[in-house]
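I have placed the structure first, in the form of structure tokens, so that the comments after it can refer back to it.
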Amino acid sequence: MNALPLAFGAPAILIGLIALPIIWWLLRVTPPRPVTEIFPPLKILAQLLKKEETPNKSPWWMTLLRLLLAAFVILALAEPVWNPRAETLTGKDPVAIVLDNGWSSNEEWSSRKDTAERLISDAENSGALIYILGTAEKANTDIGPFDANTALERLRAMTVRPIPVDRPAAFARLKTALANVSGTRLAYLNDGVDTPQATEAVKSLEGSGIASIIWYQPSITSLVALRQAVNNANGLTVRAVRPSNDRGQNGITIGAFDEKGRRIAETGLVFTAGETTGEAVINAPYELRNDFHTLRVDGTAQAGATYLIDDNNKRRRVALLSGSEADLSQPLLSPLYYISRALEPFADLLRPRNPELVRAVPELLEQKPSVFIMADIGKLPPETEQTLSDWVNKGGTLIRFAGPRLAGNSDQDPLLPVTLRKGERSLGGTLSWKESQPVAAFPENGPFAGLPTPQDVTVTRQVLAEPSSDLYDKSWANLADGTPLVTGETRERGQLVLFHVTPEATWSNLPISGSFVDMLHRLVSLSNAAGPLANDNTASGSHVLPPYLTLNAEGSLTPPNGDTRPLLIRNGASPQVSFDNPPGFYGVEGAMTALNLFKPDGEIKPLVRPDLAFPVMTARYAVDESLPLRGPLLALAALLLALDAIAVLWLGGHLRRRYRTTAAASLAILLLPAILAFGPSLAHAQQNDSKPGDQTILDAVNATHLAYVITGDGAVDDVSKAGLLGLSKALSDSTALEPGEPIGVNPATDELAFYPLIYWPVDAAAKMPAPEAIAKIDAYMQQGGTVLFDTRDQDAAAISFDNSTTPANQRLRDILAGLNIPPLEPVPSDHVLTKSFYILQDFPGRYRGSPLWVQASLSTETRSDRPVRAGDGVTPIMITGNDFAGAWAANADGSPLYPTIPNDPMQRVYAYRAGINIVMYMLTGNYKSDQVHVPALLERLGN
């Protein structure tokens, strides 16, 4: 028996198998009932000479049948389990469960949650306290100790974050929590991906009371991530990375999507054997490449497989115009030679066919460049100057270089950021008192902040700007003596930039330095981009961008949640992905900055288990393959019982002639236990049946239950249940109503008439409800029920009914399109809802600001002698975006699961009061409005 993968939950019952011989003996001495037949008299006479035979024992096959029946019943009562799962954690010492819930965990998250649930079950069986935490959670998240039920709720509420894990912070919190606890058993369910200081974080637990550790580590060979996209002249170059322990050759397909999510291009990328990085080129026209919004790896659902492309990755068109003809015999002296060499790798260069400025400028502007560069052009014709000025005001970037023509221009030039002195300044010559000047460090308030100071660049000539109060703010680069090298200003939506030296190496060696390339690249990248750094002339050089769209765990763009904070960029440095700033787009529509999960040098290294001072056991993520055999054995026993009954009927002659109909009915009755033996499947079918059972009806009508629509997303459904449970407790504490436990309903299959209020969290990612569900909801609302739709998107956009909507609001529109919706209005100040229990002015939830939409009153008359608007009936629909369930949700000890936004304790109090008013309104209707008649009724009774 030990060699078989079989275990028994109650092995003592197997002693009953000893009784099988006794049962066999009893069956042998108990013959079946004799057959009774009624014959005509002549037939009796014909059989008088036959010997009368009466059976004296059961047939051997019936005895065997009944012995098997008894054996199956005894085995079933012993609760056998095939392939039983051995308990991983035994004993009453505390248990700590640490899960990596960063970006790389999404595809295997279900198996890790199943493993954690089994660990919690083992701890529950032994009565141990449980600590549970994720390595990608907030620093103030409570980690325990919890009982098994609370730990299970925390586990189910935990989700994958599209960010790297922070193991040092997580293990530091665990070490602090276990400071006075000894003998703790740690189960580390990691994602297998190495992070900085991961080994030191795990080793820091030595000496903290940890007695042993179970190390779960998955295989990461299939993991892949995109780390860079470069828009070159011939195509978009994409670079991907895979784990360093994957040495085989394999390929992936990368799709390019536009802003509306349409697939417009793709390419294949192959990792060669022994390489961890791969590169591919998406060959597409320039115009099509500029429409790329996201890149995604096909068949992979995690944030690392998505790369975001903003304006900085898009290839610009740059128009070049020079005031002098290029000398083909001496190209190095051409005014545009060094500019062209610097910009060709990342921009498309446009040159005029006609040298006349009056024709050349409009010709270049017709090709819609992002940047216009003019090299040593003095005075433009008035009509050309106005055309170029209008282009700058609409968002263009004009970059000008000095030279003899610009220095000799005595007129005021409106296309310059500063006013220039006539003539140039000479440094280091025979007639100059000063030597050539080096370049000073770039100011922090300009677009070149963060670039290294050029050490080998000197200037011998320059044009000087007239002193002014705003010259310091307009100076983006200076010489060591404080005179400006590059100046710039914002002109309405565009930019004006002036290099105070020539674009060729005659006045300075800047054009032949690497700094020249970096400076031009920075200026071109900022053209038509979100909030150029030059716009923010603060002393600190920091820039704050609001979140626009963020990546979720699957690598899809969604509206930012309440935990996302504005992105702070300091001194031009690259921001880092964190809990407060997940990957995504930051800024405003049409001017966004992409924050990607991986940097251009990002790697995926396997996590190596460190050598620890306490015992370490290695385990693997596995599905629970144990199979309880009690149900199948009882089913077999019931089937054998039915066969035995059939045999008894047959031996008794009831199946031979006219009793066939009665026998068939008896057979159906006898087979009923066999059918009921398949309890789990049948019970599941009954739960999914559209007709509720008697017990379901009794449970629904014996108490008032609040209901919520099951969306299919476990996280959303858990929040809905926890929120309505918190509201039910608040109702019990504040009113005479004692609601039952909230019930999740499927509108397509469940009966809705039992619930006065159904909370529907609108989820854009959930499937569109079936037409049958929409029809049942419509009938429910027409028959007096109320549905509270909550889009939970007030943090992204307020509820409104215009053309600018969030995904959740758009999904709500699709749902309401199939319903008979009455005219709606925000709750008036004299509506019954504002006074049904508490006196309220608004109805906040986790967020504040979204109105609560209800059915518009037929009469808007407001009278001073009626404090509440008169009206009959209850609104069949309510709509909000304030996330009521998120504000009502609380754990077992009553502490809230989610913070309010803004984090105001009184906002949660008013959220509970709003919920109580809604429920009281559902149950009492216009009761409050009828109270205005009480004085008149009392007066009549007194007479």
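Given the structure is predicted, the values throughout are model-derived calculations rather than measurements.
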> Does a sphere of radius 6.0 Å around NZ in Lys113 hold more than 12 heavy atoms from other residues, nucleotides or ligands, not counting ones at 6.0 Å or beyond?
Replying inline: yes
> Do Pro559 and Asp793 have side-chain heavy atoms sitting under 4.5 Å apart?
Replying inline: no
>> For a quick test of reading the model, state the closest non-hydrogen atom pair linking Pro447 to Leu523 and the distance between them.
In response: CG-CD2, 4.1 Å
>> Run the salt bridge (charged side-chain N to carboxylate O under 4.0 Å, His left out) test against Lys175 and tell me which residues pass, sequence neighbours left out.
In response: none
> Quick one: side chain to side chain contact (heavy atoms under 4.5 Å, CB included) partners of Thr195, sequence neighbours excluded?
Replying inline: Val165, Arg167, Ala198
> Got a second to check how far Thr593's OG1 is from Leu545's CG, nearest 0.5 Å?
Replying inline: 5.0 Å
>> One pair to check against side-chain contact (heavy atoms from CB on, under 4.5 Å): Tyr586 and Met592. What are the steps and the verdict?
In response: CA-CA 5 Å; Tyr586 292 79; Met592 297 179 292; over 6 Å; no
> Can you name the nearest heavy-atom pair linking Leu295 to Ala256, along with the distance?
Replying inline: CD2-CB, 3.6 Å
> For Ser720, what residues pass the side chain to side chain donor-acceptor pair (under 3.5 Å) criterion, not counting sequence neighbours?
Replying inline: none
> side chain to side chain contact (heavy atoms under 4.5 Å, CB included) with Pro610: which residues, sequence neighbours excluded?
Replying inline: Thr199, Val202, Lys203, Trp215, Leu612
> Just by modelled atom types, is the Val160 backbone N or O under 3.5 Å from a matching donor or acceptor in the Asn106 side chain?
Replying inline: no
>> The criterion is ring pair (Phe, Tyr, Trp, His ring centres under 6.0 Å); which residues satisfy it with Phe292, sequence neighbours excluded?
In response: none
> So how far is it from Ile143 CD1 to Ile130 CD1, rounded to the nearest 0.5 Å?
Replying inline: 13.5 Å
> Has the side chain of Arg846 got a donor or acceptor atom that lies under 3.5 Å from a matching backbone atom of Pro899?
Replying inline: yes
> Partners of Arg239 by salt bridge (charged side-chain N to carboxylate O under 4.0 Å, His left out), sequence neighbours excluded?
Replying inline: Glu279
> Does NZ or CZ of Arg522 fall inside the cone over Phe448's six-membered ring, less than 6.0 Å from its centre and within 45° of the axis?
Replying inline: no
> Within the distance-only criterion (no hydrogens, no angle test), does the side chain of Arg173 pair as donor or acceptor with the backbone N or O of Thr141 below 3.5 angstrom?
Replying inline: yes
>> On a heavy-atom basis, which atom in Ile252 and which in Ala240 lie closest, and how many Å separate them?
In response: CD1-CB, 4.3 Å
> Do Phe598 and Trp103 have ring centres separated by under 6.0 Å?
Replying inline: yes
> Who pairs with Lys599 by salt bridge (charged side-chain N to carboxylate O under 4.0 Å, His left out), at least two apart in sequence or on another chain?
Replying inline: none
> Is Glu275 salt-bridged to Arg242, going by a charged N under 4.0 Å from an acidic O?
Replying inline: no
>> If you count heavy atoms of other groups shown closer than 6.0 angstrom to CD of Gln217, is the number above 12?
In response: yes
> Does Arg792 offer a backbone N or O that forms a donor-acceptor pair with the side chain of Asp883 under 3.5 Å?
Replying inline: no
> Looking at residues at least two apart in the chain, or sitting in another chain, which of them share a side chain to side chain donor-acceptor pair (under 3.5 Å) with Arg848?
Replying inline: Asp842
> Quick one: ring pair (Phe, Tyr, Trp, His ring centres under 6.0 Å) partners of Phe171, sequence neighbours excluded?
Replying inline: Tyr188
> Is the Phe585-His293 ring centre distance short of 6.0 angstrom?
Replying inline: yes
>> Tell me every residue that passes side chain to side chain donor-acceptor pair (under 3.5 Å) with Thr267, counting only those two or more places apart in sequence or in another chain.
In response: none
> What are the two closest heavy atoms between Thr159 and Ala715, and how far apart are they?
Replying inline: CG2-CB, 4.0 Å
> Counting only N and O atoms by type, is there a donor-acceptor contact under 3.5 Å from the side chain of Gln302 to the main-chain atoms of Ala305?
Replying inline: yes
>> Holding to salt bridge (charged side-chain N to carboxylate O under 4.0 Å, His left out), I want the full list of residues that pass it with Glu266, two or more places apart in sequence or in another chain.
In response: Arg263
>> Determine whether a donor-acceptor pair (N or O, by modelled atom type, separation under 3.5 Å) exists between the side chain of Tyr912 and the backbone of Trp888.
In response: yes
>> To check you understand the geometry: which heavy-atom pair defines the closest contact between Leu119 and Ala187, and what is its length?
In response: CD1-CB, 3.6 Å
> Minimum heavy-atom separation for Val297 to Val224, with atom names?
Replying inline: CG1-CG1, 4.0 Å
> Could you walk me through whether Lys138 and Asp563 pass the salt bridge (Lys or Arg N to Asp or Glu O under 4.0 Å) check?
Replying inline: CA-CA 10 Å; Lys138 277 186 176 182; Asp563 295 325; 3.3 Å; yes
> With sequence neighbours excluded, what pairs up with Glu137 under the side chain to side chain donor-acceptor pair (under 3.5 Å) test?
Replying inline: Asn101, Arg161
>> A quick test of your reading: do over 12 heavy atoms of other residues, nucleotides or ligands sit less than 6.0 Å from CG of Asp611?
In response: no
>> Run the side-chain hydrogen bond (donor to acceptor under 3.5 Å, both in side chains) test on Asp518 and Ser515 for me, step by step, so that the C-alpha distance in whole Å, both residues' side-chain angles and the decisive distance to 0.1 Å come before the verdict.
In response: CA-CA 5 Å; Asp518 295 336; Ser515 298; 5.4 Å; no
